[in-house]
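I have placed the structure first, in the form of structure tokens, so that the comments after it can refer back to it.
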Amino acid sequence: MRKTAKTIKQLKGKEKITALTAYDYSTALIVDQSNVDLILVGDSLAMTMMGLDSTLSVSMEVMLHHTKCVSNAVTNALVVADMPFMSFHISPEQAIENAGRFLQEANADAVKIEGGQVRVETILKLTQNDIPVLGHIGLTPQSVKAIGFQVQGKKCDEAEKLIKDALAIEKAGAFALVLECIPAELAKEITQKVSIPTIGIGAGAHCDGQILVYHDMLGLYPKLTPKFIKQYDNIGEKMKTAFTKYSSEVKEGTFPEEKHSF
Ligand code: KIV
């Protein structure tokens, strides 16, 4: 059985939470068999899968499609669908309608919403209607036009705002909170102040859990290698070696062999 938002929330203080992205069936199957608690169908797919420069233009239909593919594979982890830019900004009613589609049509277990205090009413409405919400503050990629891609919360006033954001999101009923690209000490303070788990990416070691974009940790997205990435393997290079070998073997006539033929 899949984990629930409640079981993830209960891990705070007991066990570190692990989370990874996945966007398709075959990858989700592998991630789900790797003792990962939460799988995020992130709108980062705009960059990693579609080659775009930001996440802004990804649509509800694209996110629904990828969430369905992931859901078809997952039996253990919690599946969280990322709500794309402009799918929850207009009104809480719009957010309920779109979030509901992720649960109804794509079998997601929860949705993720970027933004702090400004999202309180929306998160409240969703959680009151039994749609579990994962919050996301700090460097929120959907705000790229407003804040760029840089570490947030370095200045005192920014840090204070992020603390208020975290407390507001907790109060609105989110089951956990992603902290992206903020100083480790600030992430530690937020983690101590809120009762819900914090899941960090570029936010140091004191968060209750960690999330990575799998393309980054496997060398599949060489366009960008931020400081917080640990590359666990270079699958991109391994794929290139295998593809090149296949191509040479076909060209020189050594593949297929007798055993591959009918
Ligand atoms: O879209 C995404 O993959 C994300 C993670 C970086 C948290 O939002």
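The first residue of the sequence shown is numbered 1, and numbering continues consecutively from there. When a ligand or atom number is given, it counts from 1 through the structure's own listing order. All heavy atoms count here, side chains included; hydrogens, waters and symmetry mates do not.
Contact residues for ligand 1 (protein heavy atom closer than 4.0 angstrom to any ligand atom): T21, L40, G42, D43, S44, D82, K112, H136, E180, I201, V213.
Of the residues T140, I137, L139, the one that meets the side-chain contact (heavy atoms from CB on, under 4.5 Å) test with E114 is T140. For the side-chain contact (heavy atoms from CB on, under 4.5 Å) with L20, the lone residue among I39, L40, I211, V36 that qualifies is V36.
Taking the side chain as every heavy atom from C-beta outward, N98 and F88 never approach each other to under 4.5 Å.
Checked against the 6.0 Å centroid criterion, the rings of Y23 and H65 do not qualify as a close aromatic pair.
By the 6.0 Å and 45° rule, K245 does not stack over the aromatic ring of F243.
Here K154 contributes atom NZ and L186 contributes atom CG; the two are 12.5 Å apart, rounded to the nearest 0.5 Å.
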